[in-house]
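Here is the structure we will look at.
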Amino acid sequence: MSGSSRRWWSRTAMAFMVTTACTTALPVSTAGAMGASCVRPERAATTVSANALSPAAAAAVEEGLSEHTAGSAPAAKRVPVSIPVHWHVIGKDTTVQGGSVPDSAVQEQLGVLNQAFSDTGLSFVLVGIDRSVNPGWFDAPVQSPARSDMARTLRLGGPADLNVYSLGATSPDGKGPYGDATFPWNYAQDPTVDGIYVRPGTLPGGDQSDRNLGKTAVRMAGHWTGLFHTFQGGCTDPDGDYVSDTPAEAYASTGCPEDRDTCPNEGKDPIHNYMDISADSCTTEFTPGQITRLRQMLHAYRGLEA
């Protein structure tokens, strides 16, 4: 972590601290194996997530995608694509602890996004940063009237513009997850809420323990481009994420449990994949299959070249 990352967030800030003890929602065998490295996941370590779909819903998305991608270009012919980014800083007050993160934190987060997506042909270009001090918006959970009001007021651009909101609560209980996002096929239903939402403490240099290297925004951008979690469908539906080169996984990973294998005969869990929920220091990759899928999704639903 750079010196500038360490400086922007006061080490006395407690607004977004989470426990590093194992959550009781983890299976006993898993928690015991992880020991002190266990961290609090986005939600209980199951397939339940802010961005989880039922198998039927996922299958419907796959059917719709196949109708749009018959002529998609092979990977070797893909052209670079730039995605405009509009960043909305939402604070409950003007302090860093209250969510009003500096521009430098946003710039560092864009750097993490671009590094993570460097093999996909995508680049994220910051268009602008706007700021709102609004406690109601800061604490607005998913699908709340306040969240909808905020997005309708602030969102910029069309389906190919990524709007990022850094704010406090991302679930009705205000405790988690660390981020949430809309999928590309949601845009036609309600374009006003399209975007990704992350807690300020998850930005590089933030104070969210084991989640302060910027990988939450990477994972949320993955959802925005059309990727499911690697544990979508669990062991009962090995193709639950519709990517053939991500081994099936029973539930979300926490920490960085090497050799973890929750689905027998399916290969070791993809704990290093950006679309799992491992600690930020553990996630390092998208697979070729995920890259193909996200480019197809962006072409089908956001009008970008595949």
Side-chain angles (χ1 to χ4, degrees), residues 49-53 57-87 109-127 151 155-165 179-198 214-230 232 239-246 273-276 283 285-306:
S49 165
N51 287 96
L53 272 70
V61 170
E62 183 68 11
E63 182 178 354
L65 174 64
S66 64
E67 296 175 358
H68 287 86
T69 57
S72 295
K77 296 183 179 179
R78 290 189 187 120
V79 299
V81 170
S82 296
I83 295 178
V85 176
H86 309 276
W87 195 289
Q109 180 65 78
L110 263 291
V112 174
L113 275 175
N114 280 314
Q115 189 281 324
F117 282 82
S118 60
D119 291 336
T120 70
L122 304 181
S123 61
F124 297 89
V125 180
L126 184 63
V127 176
R155 193 186 186 283
L156 298 169
D161 290 73
L162 175 60
N163 282 250
V164 185
Y165 303 83
D180 61 272
T182 59
F183 289 106
W185 53 87
N186 298 141
Y187 184 85
Q189 302 166 357
D190 189 357
T192 61
V193 298
D194 181 69
I196 71 174
Y197 304 78
V198 296
K215 303 296 181 65
T216 294
V218 171
R219 184 168 59 258
M220 295 307 113
H223 290 315
W224 186 84
T225 63
L227 297 179
F228 294 125
H229 286 126
T230 52
Q232 170 76 29
D239 295 324
D241 67 348
Y242 292 94
V243 177
S244 62
D245 57 0
T246 55
N273 196 281
Y274 289 124
M275 300 312 295
D276 202 346
T283 54
E285 64 186 12
F286 290 114
T287 66
Q290 287 175 314
I291 294 171
T292 295
R293 183 173 180 82
L294 71 85
R295 292 296 297 250
Q296 290 176 335
M297 285 286 185
L298 291 173
H299 175 65
Y301 296 105
R302 298 197 184 279
L304 297 172
E305 291 198 51

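Nothing fancy with the numbering, it's 1 onward along the sequence.
In this structure, H86 NE2 and Y165 OH are separated by 9.5 Å, a value rounded to the nearest 0.5 Å. To the nearest 0.5 Å, the span separating CG on D180 from OH on Y197 amounts to 7.0 Å. Summarising the geometry, atom OG1 belonging to T120 is positioned 7.5 Å from atom CZ belonging to F286; distances are rounded to the nearest 0.5 Å. Note: Q296 CD to Y242 OH = 14.0 Å, rounded to the nearest 0.5 Å.
At distances below 3.5 Å, at least one donor-acceptor pair connects side-chain atoms of R155 with backbone N or O atoms of D194. At least one donor-acceptor pair closer than 3.5 Å links the side chain of H299 to the backbone N or O of L304. Of the possible polar contacts, none joining the N114 side chain to the G111 backbone as a donor-acceptor pair under 3.5 Å is found. Judged purely by atom type and a 3.5 angstrom limit, N163 has no side-chain atom pairing as donor or acceptor with the backbone of G195.
The side-chain heavy atoms of Y187 and Y301, taken from C-beta on, include no pair separated by under 4.5 Å. Put simply, the side chain of N273 reaches to within 4.5 Å of the side chain of Q290, judged on heavy atoms. For the pair D119/I291, a side-chain contact is recorded, criterion being any heavy-atom separation below 4.5 Å from C-beta on. Residues Q109 and W87 meet the side-chain proximity criterion, which asks for heavy atoms closer than 4.5 Å. Side-chain contact check for I196 versus H223: every heavy-atom pair is 4.5 Å or farther apart. A 4.5 Å side-chain heavy-atom check between M275 and F228 finds every atom pair outside the cut-off. Within the 4.5 Å cutoff, the side chain of L113 has heavy atoms near those of the V218 side chain.
Closest of all the heavy-atom pairs between V125 and S82 is CG2-CB, 4.1 Å. Minimum interatomic distance between M220 and V198 (heavy atoms only, all atoms of both residues): CG-CG1, 4.1 Å. Nearest heavy-atom pair across I83 and A160 is CG2-O, 3.5 Å. G289 approaches D245 most closely through the heavy-atom pair N-OD2, 2.8 Å.
Partner T246 forms a side chain to side chain donor-acceptor pair (under 3.5 Å) with one of T230, D241, D276 and no other, that one being D241.
Dense packing is recorded around CD of E285, with more than 12 heavy atoms of other residues, nucleotides or ligands lying under 6.0 Å away.
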**OP:** Step by step, work out the side-chain contact (heavy atoms from CB on, under 4.5 Å) result for D161 and L156.
**Re:** CA-CA 7 Å; D161 290 73; L156 298 169; over 6 Å; no
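Scored by the side chain to side chain contact (heavy atoms under 4.5 Å, CB included) test, T225 finds F117, L122, L227, L294, L298 as partners (sequence neighbours excluded). Residues passing the side chain to side chain contact (heavy atoms under 4.5 Å, CB included) test with N186 are T182, F183, Q189, sequence neighbours excluded.
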